[in-house]
Amino acid sequence: MCGIVGYIGERNAQEVLIKGLRRLEYRGYDSAGIATLDAGKKPKGNISLQVKKCKGKLSTLRSMLEKRPLRGKIGISHVRWATHGIPNTSNAHPHWDCSGKIALVHNGIIENYEQLKEELIRQGHLFRSQTDTEVIVHLIGRYYKGRLEEAVRKALKQVRGAYAIAVISKDEPDTLIGARSGSPLIAGTAQGEGFLASDIPALLDYTNEVFLIDDGQMVVLTRNSVKIIDVQSGEKVRKEKVKIQWDVAQAEKEGYPHFMLKEIHEQPKAIRDTLMGRISRRRDAVILQELAPLRKTLSCVNKIVIISCGTAWHAGLVGKYTIERLCRIPVEVDTSSEFRYRDPIIDKRTLVVAISQSGETADTLAGMREAKDKGAKIISICNVLGSSVTRESQAVLYTHAGPEIAVASTKAYTCQLIVLYLFALYLAQARKTLSGARLKQLIRELERLPHSAEKILKDKKVVLECARRYYKSFGFLYLGRALNFPTALEGALKIKEISYIHAEGYAGGEMKHGPIALINPHLPVVCVAPSSHVHDKMLSNIQEIKARKGIVISVASAGDELVPHHSNHVVYIPKVEEIFSPALTVIPLQLLAYYIAVKRDCDVDQPKNLAKSVTVE
Ligand code: AGP
């Protein structure tokens, strides 16, 4: 949560810092702030630290800056998702020390802040906010003896918890310092410029060459140099630059009213990109070079545990059905937050698969560490190059969804499914649990998915009609079975997240054990019922809902004549192999949630109380 940006160079810092924040706004949007060092109009004028911050979205800060812009060629900025202290102006970042010379922005949580704050107050420090963050800048102020780098290092040795910070000081106007431990931070460079940011899109306008700062490291940027050091020892660390392949256009809305709609429409391409290079030329084998170092482990794995959160957890559930069916290996799926505290039974023959779009989800990282301590090998499925999850895995299977900006995950989910399908086929091929002919058939079907997704996106008539009729509904019920039970969960999560309508996702077979009591003529029930081995069972569920006068919105396979007969509305998906159906059935549900949110005038891309990456527990 929270996004930070830092800049040093020859440009107008305010422009760079605000542009960067616009690309990070998905990380937090309850307050925003900026600080620059301004040398005034005279070439050798007195340098002053200028800070502007406010409660509310970045747009409020931008209006403030339009009226009274900040000058300066070095600065830091922040969008906040509150953890400690309510969203208001004094809790907004940047915070500054008692001397008013040093300013800092922070993403993370300082766990020992209360104890540090007490100590600092005893020493005479005056606090202006209720945040945990403010202790860091006071500590830096306390240790400052003419070298900012040294003071930051000393302060960081005192704090416990998670942080990514950016710091500037009026006394050292040619230095921008960043540091990380547990929260993401990248440093970028271009001719005569240095940048810091929580995520890649914030830098893409200026550079695609970045350094991925590791936990426990600090980066000291001047206009012409980058120095990375270990916080504990103070020693220099050698690090290679990484070239980012995403471009600016991918991080923009490109004419769509919301990122979410754009990202829903990007799914055919994202699926194609994720499949690219992973299927043999003769289309008879899956190639996952990334897993080569784990070949031995994979041959003797006797259990797979998938850990993830939210939407990624739903992808994991689809993974369980797929892997068990194709490879006959038992698979457990856990939300990372449960897994990390349940003392899971894991040993050297357990393979843990962590799924995360952002690669920065705190619970998933903690779950991975727990598994590693117990001797498991870890593979991750992730969308963000060099993110923390990828760095703590033995092998990474990247989803190539491109930047996902909307808080509600869409294309990252379908790409996670694609990687799980590839992984299951790869394992089946290695363990010979599928015949060559069947493998070939499945691979061909998999390659058809982008085209089928395109077809679904072309015809939104039924979804729009449902959104128009039911956007005022009090609640929604989503039902699915087997591989499409997770689809029901995902559909319900999407509508909850962005429309604030209560929704339940249930396994169809569980309906009689409780939720059937909810059915009434005003309750829309979304039934995910494509062709499958449980199609008849879903049909029975649908009939039971109709018998109780519920409203049935079904997702069915093209050519189905039974489901439409009992449904009020039907969205068709092209015929597809059962195991791949979740990659298609979810698309109408994403669209339904989106159009309902729009009708309800909700903030689709930045729903209240949520943040894109949950980097705190
Ligand atoms: C999805 O719409 C959600 N915003 C959320 O559940 C998300 O999937 C979850 O927080 C996990 O994030 P990650 O994939 O970045 O780890």
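Start at 1 with the first residue, then count along the sequence. Remember, it's 1-based here, ligands and their atoms both numbered in the order they're listed.
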Hey, is ligand 1 close enough to [X] that some N/O pair sits below 3.5 Å?
X      : value
Lys612 : no
Ser358 : yes
Ser356 : yes

- Message: Could you check whether any heavy atom of Lys494 sits closer than 4.0 Å to an atom of ligand 1, since that is the contact criterion I want to use?
- Response: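 In this structure, Lys494 qualifies as a contact of ligand 1 - some heavy atom is under 4.0 Å.
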
- Task: Could you tell me if any non-hydrogen atom of Val407 lies under 4.0 Å from any atom of ligand 1?
- Result: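 Contact check Val407 vs ligand 1: positive.
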
Taking 4.0 angstrom as the limit and counting only heavy atoms of [X], give me the atoms of ligand 1 inside it, by number and element.
X      : answer
Gly310 : 6 (O)
Ser409 : 1 (C), 2 (O)
Ala408 : 2 (O)

Under 3.5 Å, is there a donor-acceptor pair between the [X] and [Y] side chains?
X      : Y      : value
Ser409 : Glu404 : yes
Asn91  : Thr131 : no
Tyr594 : His258 : yes
Asn484 : Ser581 : yes
Lys599 : Ser499 : no

- State whether Arg278 and Glu290 are salt-bridged, where the test is any N-O pair (Lys NZ or Arg NE/NH1/NH2 against Asp/Glu carboxylate O) under 4.0 Å.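 The answer is yes: the pair qualifies as a salt bridge.
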
